[in-house]
Amino acid sequence: MQYPFPNFRLDDQVAVVTGGGGGIGRAVAHTFAEAGAHVLVLDTNSSAAESVARELGARGQHVVVDVTNEDDVERVMSEIARQHGRINVLFNNAGINRRSTSLDLSVDDWNAVIAVNMTGMFLCARAAARHLKASGGGTIVNTASILGLSGGWYPNIAYQATKGAVVNMTRSWAVEWAPYHIRVNAVAPSIVRTAMTNGLTSQPELVAKFEALVPLARLGEPCDMTGPVLFLASAASAFVTGHILPVDGGMMAQ
Ligand SMILES: NC(=O)c1ccc[n+]([C@@H]2O[C@H](COP(=O)([O-])OP(=O)(O)OC[C@H]3O[C@@H](n4cnc5c(N)ncnc54)[C@H](O)[C@@H]3O)[C@@H](O)[C@H]2O)c1
């Protein structure tokens, strides 16, 4: 074993980022590219995905795919592996929210959230894992949430159910795929300023209320996610698997 242990680089690795056109996905896509990876930006939003891939230049490429569509997910992952020879990293990050009290939540909204946040995560992890296994191993980083680790601060049952599922899918896959040298971890962000949270962050009184709950006294920014995700995606975390890393300004420490 060499000291200091290498390293946070992803040179020549092929990294897939789902939800790569969104706030957290875009920030992580940039960080992966700066770490030396070729980054596949996957999203249903074609203009957002295309614009992120364009920002990455030669290191970026976009693919329009709906993570809830089994055939499309399998086809896209296989096509990426064929084109690039391998997949080394999956940042399994696409997600949606339908905030509502449980008494008012429609089954349509419940199903929509389950489809993307839970089934979509499963489909992408399963499809990518086949190729990671074929490459002799790799890393998967799932985006959970502190709402998957707690009862939360406002009613949001479908989202919380799916993020709780992401937490335990992460642990299960870490054990199941360890023999293939696939490490599976998750980040659990608190509130991060992205399109998903515009409805909250555009209300100063709500922002003040949430900031008061955070020991570091601020909301997260997409760039706050990049170091933790790169750590879990790279060899820097070589002996870490099945871990849920809160990226939350200390909220879960309380
Ligand atoms: N923003 C937060 O406060 C926060 C906190 C905890 C966890 N998260 C999680 O972080 C992840 C990224 O969210 P974000 O905050 O960047 O939001 P965002 O809305 O900016 O990005 C989400 C992206 O996912 C894409 N997407 C949605 N459904 C898809 C589908 N079916 N197939 C492919 N792509 C799809 C969207 O088009 C969008 O580009 C999500 O899993 C979210 O649940 C966000």
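Counting starts at 1 for both ligands and their atoms, in listed order. Each residue takes its place number in the sequence, starting with 1. Values in this document were obtained by computation on a predicted structure and should not be read as measured data.
Between the side chains of His38 and Gln13, no donor N or O sits under 3.5 Å from an acceptor N or O. Between Thr170 and Asn142, the side chains place a donor N or O and an acceptor N or O closer than 3.5 Å (distance only, hydrogens not considered).
Aromatic ring centres of Tyr159 and Tyr154: separated by at least 6.0 Å.
Within 4.0 Å of ligand 1, protein heavy atoms belong to Gly19, Gly21, Gly22, Gly23, Ile24, Asp43, Thr44, Asn45, Val65, Asp66, Val67, Asn93, Ala94, Gly95, Ile96, Val116, Thr143, Ala144, Ser145, Tyr159, Lys163, Pro189, Ser190, Ile191, Val192, Thr194, Ala195, Met196, Thr197, listed by chain and number.
Under the 30°/60° scheme for interplanar angles, the aromatic rings of Trp173 and Phe122 are found to lie parallel.
For Met251, the CE atom is densely surrounded, since the number of other residues' heavy atoms within 6.0 Å is greater than 12.
Checked by atom type and distance alone, the side chain of Arg218 never pairs as donor or acceptor with a backbone atom of Leu216 at under 3.5 Å.
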